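Take a look at the structure below.
Note that the coordinates shown come from a computational prediction; the quantities given were computed from them, not determined experimentally. Note on naming: letters A, B, ... go to the chains in the order of the sequence lines (proteins, then strands), and numbering restarts at 1 for each one.
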Protein chains: 2
Amino acid sequence: MPAASKPPAAKAGPAKPRRRNARAPAARPYHHGDLRRVLIDAALQLVGEGGPEAVSVREAARRAGVSPGAPFRHFPSRDALMNAVAEEAQRRFRAEIEAALSAAPAGDPLGRFRCLGLAYLRWAMKNPTHFEIISSRRFFDHDRASGVSQDNAELIDLTERMLAEAFAQGQLRVGDLKRVQIAGRALIYGFARMNIDGHFPRWGVTGADAGRTAEDVLDLFIEGIAKVPGKSA
Amino acid sequence: MPAASKPPAAKAGPAKPRRRNARAPAARPYHHGDLRRVLIDAALQLVGEGGPEAVSVREAARRAGVSPGAPFRHFPSRDALMNAVAEEAQRRFRAEIEAALSAAPAGDPLGRFRCLGLAYLRWAMKNPTHFEIISSRRFFDHDRASGVSQDNAELIDLTERMLAEAFAQGQLRVGDLKRVQIAGRALIYGFARMNIDGHFPRWGVTGADAGRTAEDVLDLFIEGIAKVPGKSA
DNA sequence: CAATCCGTGTAATCGGTGCTTACATTCACA
DNA sequence: TGTGAATGTAAGCACCGATTACACGGATTG
């Protein structure tokens, strides 16, 4: 397994020295400079264009203007590239979720739960292909201790705490929180999945309706578990 | 995939007419007999072994004992083969659903709804890879008028009628049936998807628990929409 | 029965793909 | 200033989907 000696460069990129001495030779320099980054971006673009299946190492190399073998200096396999792509998508997803949560009311755990669900759904529907590659775990490296598992564990813990708080404050009328949590996740995940799997046309949900329907469905679920049978927003 | 072994099908050169006149059914006849069927089965088996990605026309041909080009007499492309595979899986799924429904109580629409959901989940969890290929619509031929769309439309209509009946009988405490229907589908689909996408390990759900958890989650949803806050089974 | 048609198999081949190896170039640092 | 490590290229392997030309043989005819 060659080329596995590149993890340091993946750490918050901007520490790259200007390798090209001030003068710019119009001809492409022998060394690309930041091929790893460019390959991930090209792959992300390919995912956006034709789904995960449409990503080929050669095409990514082609778009990066580099020979077909070059990517293998940075990724030992196509799966490793997809892994990096998935981690990048996961990073963006996580950032959006955290931004949404930071703007959520602090004293209303059920409201925060709703806010989290909405942010999840909105991101998933705005970035369907990115969501696809982070949702099916086959693009993550299960052996290596990547940040993905940790990210997810944190998110799961977060919702667990939200629900526990909500229950403690008397916002819920059901006590089996683990069940509520899994059901909620299944609902939200299922909705996002139905979107990217192309189910909505046959459900009479158009793209314009999808966002509204997502909100409706989430509210229906929350009404189902909330103590007060009224609107929870 | 490794090179494997290429068994020399016919070591003889061109000077071998291979007379196979009426008398030898033991040796493989020139015409296979039911290659289409065998190819679909082989592909289904491949799906079961390594997911949809693991299906290759050549491997299916190899397992059917025919040359790599033979399958293209029956399927114009790999996608067409996958299409047939998906339709076969859909057929089996549909059969199981109908069997479960025929054994469901007639006078209790909400109970029938639950029964349908359970049958859906059980089949999806017992045949994860088959469920995968019928759930993401990319393996269906969207142009041709296949029975799949009709199947799904019928299933959707069926649940719609169930819910309408349940509401008419006063079993539901919510009136927006379309929303209930989509939420229910999202919940069930999401749960099945979480299973095949490998989410359960990080949710503390093991294979043994999965069936029980599926039932729990489905019941939680039904409790959320049912008028009487009791168990609905 | 014999001739023929045509559905269905084989063989050879093409371009695309992941991946490896050998070699070339350049950067970073002692 | 030299030198090794990092990172690019070139060539080539096996497998893949797909196409084409040809071979076989069952079914339909006269």
Can you tell which of [options] lies closest to the side chain of [X]?
| X | options | answer |
| --- | --- | --- |
| A/R58 | C/dT17, D/dT9, C/dT10 | C/dT17 |
| B/S67 | D/dT7, C/dT10, C/dT8 | C/dT10 |
| A/S77 | C/dC19, D/dT9, D/dG17 | C/dC19 |

_Rounded distance (nearest 0.5 Å) linking atom OG1 of A/T213 with atom CZ of A/F191_ =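 Here the rounded value is 5.5 Å.
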*Going from CD1 on B/I97 to CZ on B/R94, what distance comes out if it is rounded to the nearest 0.5 angstrom?*
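With rounding to 0.5 Å, CD1 (B/I97) is 9.0 Å from CZ (B/R94).
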Let me know the distance between [atom1] of [X] and [atom2] of [N], rounded to the nearest Å.
| X | N | atom1 | atom2 | value |
| --- | --- | --- | --- | --- |
| A/F75 | C/dT20 | CZ | P | 15 Å |
| B/N83 | D/dG17 | CG | P | 16 Å |
| A/L35 | D/dG8 | CG | P | 5 Å |
| A/E53 | C/dG18 | CD | P | 12 Å |
| A/L39 | D/dG8 | CG | C1' | 12 Å |
| A/L46 | C/dT17 | CG | P | 10 Å |
| A/D79 | C/dC19 | CG | C1' | 12 Å |
| A/L81 | C/dC19 | CG | C1' | 14 Å |

_5' priority, DNA chain C, between B/D34 and A/E59 [closest heavy atom]_ =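 The answer here is B/D34.
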Checking all strands, does [X] fall into the base, sugar-phosphate, or nothing category for heavy-atom contacts under 4.0 angstrom?
| X | result |
| --- | --- |
| A/R78 | sugar-phosphate |
| A/R62 | sugar-phosphate |
| A/S56 | sugar-phosphate |

*asked:* Quick check: closest heavy atoms across B/I196 and B/A124, and the distance to 0.1 Å?
replied: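 That would be CG2-O, 4.5 Å.
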*Can you tell me if the side-chain N/O atoms of A/H74 get under 4.0 Å from OP1 or OP2 in D/dG8?*
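Yes, because at least one side-chain N or O of A/H74 sits under 4.0 Å from OP1 or OP2 of D/dG8.
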*Identify, with sequence neighbours excluded, every residue that meets side chain to side chain contact (heavy atoms under 4.5 Å, CB included) alongside A/N127.*
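A/W123, A/H130.
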*Between A/R137, A/R138, A/R193, which is the residue that forms a salt bridge (Lys or Arg N to Asp or Glu O under 4.0 Å) with B/D197?*
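That would be A/R193; it is the only one of A/R137, A/R138, A/R193 passing the salt bridge (Lys or Arg N to Asp or Glu O under 4.0 Å) with B/D197.
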*Aromatic rings A/Y120 and A/F131: how do their planes relate, parallel, tilted or perpendicular, breaks at 30° and 60°?*
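Correct class here is perpendicular.
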Hey, what are the protein-to-nucleotides 19-21 of chain D N/O distances that come in under 3.5 Å?
residue : atom : partner : partner atom : Å
D/dA21  : N6   : B/R73   : NH2          : 3.2

*Examine the side chains of B/S56 and B/R58 and answer whether a donor and an acceptor come within less than 3.5 Å of each other.*
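No pair is found: no donor N or O on one side chain lies under 3.5 Å from an acceptor on the other.
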